[in-house]
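For ligands, and for the atoms within them, numbers begin at 1 and follow the listed sequence.
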Amino acid sequence: MTNKKTLFSGIQPSGLLTIGNYMGAFRQWVNLQNQYNCIFSVVDLHAITAIQDPQQLKSNILDSVALLIACGLEPEQNIIFVQSTVYEHCVLAWILNCQTFMGELNRMTQFKDKSAKNKDNINLGLLAYPCLQAADILLYNTSFIPVGADQKQHIELCRDIANRFNKNYEEVFTMPQPIIPTVGAKIMSLQNPLAKMSKSDNNTNSYIGLLDNTDLIMKKFKRAVTDSEANIKFDEEHKPGISNLIKLLHLATDTPIEEIEDNFYGKGYGVLKEKTAESIIELLKPIQDKYHQIREDQTYLSKIIDTGKDKAQAIAHDTITRVYKTIGLSLTG
Ligand code: TYM
């Protein structure tokens, strides 16, 4: 590791990562990878707050590692690892549980949303999820966390927990701060532009998967919900559907939003939908090609996961040793 500051972020493993994940997270990760010591984790322990099929989970973890590399993360330069391979995450999560109030966890929007959607599985892990996320971040002396807007509340809680620990004991944890993109922090559902695009949405037309094929992407964009006007204008409050399409076109092509509005002045929504679809298809093509090539190479992926584990664990172990000492525990007799 150099004396650059550390950047950490994570993604839950799913075979269905979306362009929301890409625009809000991966895109920034790739752009920032030369600037910081970067650590990226496939956070599989977070995924088991919902029941997972074991074989499917195993495969989703490999899919996610392969996708991160396909999106442009350099495995030699960054630490890319699978969360469950580094036990220290669970140890620190427990310690942080003891620094977190029930009221704080009950207030989390994500907890409320997920509990409302899964009434028969409101488990303790779902409630304590932000403590594990705080452990992920604090184990690595993280300064920056690039995430989409939906993670802001968890990062704020992480800072509160770190502050409390540092006050109750001594200054052990670095205070991290989020990096949230100005455009792309919240890509909306194609079927309900008032809701976030999410891979767990039951309506598959609502999201574009990073691995969706050309026809499917075109079909999903053509079905995108817009409004009853005929006016291509960026106005998130009054025209959320059209604004979401303009935003995606802007992010995929780097064309300024005003230029897109000018280019499409007087044209129909169908033309915008088609152009946006084409730009996303073009963006995803090289990622998909690289993904398929990497995903087949099991030896390569295993090597990345093992190397990532060793590098991550060396840092995490050092932090846990310091935390233990600070609170009066010891790893030896
Ligand atoms: P997850 O797996 O839901 O999402 C991964 C990243 O993608 C971003 N994202 C979006 N950005 C823009 N528009 C969208 N529609 C959209 N959907 C998802 C998320 O904001 C996130 O940055 N709890 C985290 C994972 C996590 C983590 C961490 C992140 C665990 N430990 C430590 C940072 C640091 C989550 O469930 O992300």
R164 and E104 ion-paired at < 4.0 Å: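 E104 and R164: salt-bridged.
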Residue pair Q313 / T85, side-chain heavy-atom distance below 4.5 Å: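 Not touching, per the 4.5 Å side-chain cut-off.
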Contact check, side chains of L251 and I187, non-hydrogen atoms, under 4.5 Å: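 The answer is yes; the side chains approach within 4.5 Å.
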Backbone or side-chain N or O of Y129 under 3.5 Å from ligand 1 N or O: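 Min N/O separation from ligand 1 is below 3.5 Å for Y129.
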Sole residue of I137, I179, L32 in side chain to side chain contact (heavy atoms under 4.5 Å, CB included) with F144: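 Of all the options given, the one that passes is I179.
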Ligand-side contact atoms (ligand 1) for residue partner K196, heavy atom cut-off under 4.0 Å: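 This gives 14 (C), 15 (N) as the contact atoms.
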Side-chain H-bond candidate by donor/acceptor type, N123 with N121, under 3.5 Å: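 Yes - a donor-acceptor pair under 3.5 Å links their side chains.
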Location of contacts on M197 toward ligand 1, heavy atoms closer than 4.0 Å: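 The part of M197 near ligand 1 is both the backbone and the side chain.
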Top protein contact for atom 31 (N) of ligand 1, by heavy-atom distance: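 In this structure, atom 31 (N) of ligand 1 has D136 OD2, 2.7 Å as its nearest protein heavy atom.
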Contacting atoms of ligand 1, where contact means under 4.0 angstrom from a heavy atom of G24: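 Listed by number with element: 11 (N), 12 (C).
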Any N or O of Q12 closer than 3.5 Å to N or O of ligand 1: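 Yes - when backbone and side-chain N and O of Q12 are compared with those of ligand 1, one distance drops under 3.5 Å.
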Lys NZ or Arg CZ of K220 over Y207 ring: under 6.0 Å, within 45°: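 Yes, cation above the ring, under 6.0 Å and within 45°.
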Nearest protein heavy atom with distance in Å, relative to atom 1 (P) of ligand 1: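 Sorting protein heavy atoms by distance from atom 1 (P) of ligand 1 puts K199 NZ, 4.0 Å first.
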Under 3.5 Å: N/O of D150 near N/O of ligand 1: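 Yes, D150 has an N/O under 3.5 Å of an N/O on ligand 1.
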For atom 28 (C) of ligand 1, the protein heavy atom that lies nearest, with its residue and separation: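 Looking only at protein heavy atoms, the one closest to atom 28 (C) of ligand 1 is Q133 CG, 3.5 Å.
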Proximal atoms of ligand 1 relative to K186 (non-hydrogen, under 4.0 Å):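 Near K186, the atoms of ligand 1 are 12 (C), 13 (N).
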Atom 5 (C) of ligand 1: the protein heavy-atom neighbour that sits closest, reported with distance to 0.1 Å: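 In this structure, atom 5 (C) of ligand 1 has I11 CD1, 3.3 Å as its nearest protein heavy atom.
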Atom 25 (C) of ligand 1: nearest protein contact (heavy atom, Å):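 Result: G10 O, 3.7 Å.
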Atoms of ligand 1, numbered as shown, that sit under 4.0 Å from any heavy atom of F8: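 Every atom of ligand 1 under 4.0 Å from some heavy atom of F8: 32 (C), 34 (C).
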Parallel, tilted or perpendicular: ring planes of Y169 versus F165, cut at 30 and 60 degrees: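 Ring orientation, 0 to 90° scale: tilted.
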Contact with ligand 1 for M23, non-hydrogen, under 4.0 angstrom: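 No, M23 has no heavy atom closer than 4.0 Å to ligand 1.
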Nearest atoms (heavy-atom pairs only) where A135 meets A93: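 In this case the closest contact between A135 and A93 is CB-N, 3.6 Å.
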Heavy atom of the protein closest to atom 4 (O) of ligand 1 (residue, atom name, distance):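 Looking at atom 4 (O) of ligand 1, the protein heavy atom closest to it is N21 ND2, 3.3 Å.
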Pick from A185, P181, G148: the one approaching atom 12 (C) of ligand 1 most closely through a non-hydrogen atom: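 The nearest heavy atom belongs to A185.
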Non-hydrogen atom of G184 closer than 4.0 Å to ligand 1: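 It does, in that a heavy atom of G184 comes within the 4.0 Å cut-off of ligand 1.
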Shortest reach to atom 24 (C) of ligand 1 by a heavy atom, considering only R27, Q151, H46: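 Result: the heavy atom closest to atom 24 (C) of ligand 1 is in Q151.
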Residue, atom name and distance, where the atom is the protein heavy atom closest to atom 6 (C) of ligand 1: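 Protein heavy atom with the smallest distance to atom 6 (C) of ligand 1: A25 CB, 3.6 Å.
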Aromatic ring pairing Y140/H89, orientation class (parallel under 30°, perpendicular over 60°, tilted between):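 Y140 vs H89 ring planes: tilted.
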Side-chain heavy-atom pair L57, P13 within 4.5 angstrom cut-off: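 Result yes, sub-4.5 Å side-chain heavy-atom pair found.
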Atom indices of ligand 1 within 4.0 angstrom of I137 heavy atoms, with elements: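 Ligand 1 atoms under the 4.0 Å threshold to I137: 32 (C), 34 (C).
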T6/N141 under side-chain hydrogen bond (donor to acceptor under 3.5 Å, both in side chains): CA gap, chis, key distance, verdict: CA-CA 7 Å; T6 298; N141 314 311; over 6 Å; no
Pair D150 + K114, salt bridge at N-O below 4.0 Å: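 Looking at K114 together with D150, the answer is no, because their closest N to O distance does not fall below 4.0 Å.
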Nearest heavy atoms of K4 and N34, plus distance in Å: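 Between these two residues, the closest heavy atoms are NZ-O, 2.8 Å.
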Shortest protein contact, atom 11 (N) of ligand 1 (heavy atom only):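 Protein heavy atom at minimum distance: G20 O, 3.1 Å.
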I145 neighbourhood, listing ligand 1 atoms whose heavy-atom distance to it stays under 4.0 Å: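 It comes down to these atoms of ligand 1: 33 (C), 34 (C).
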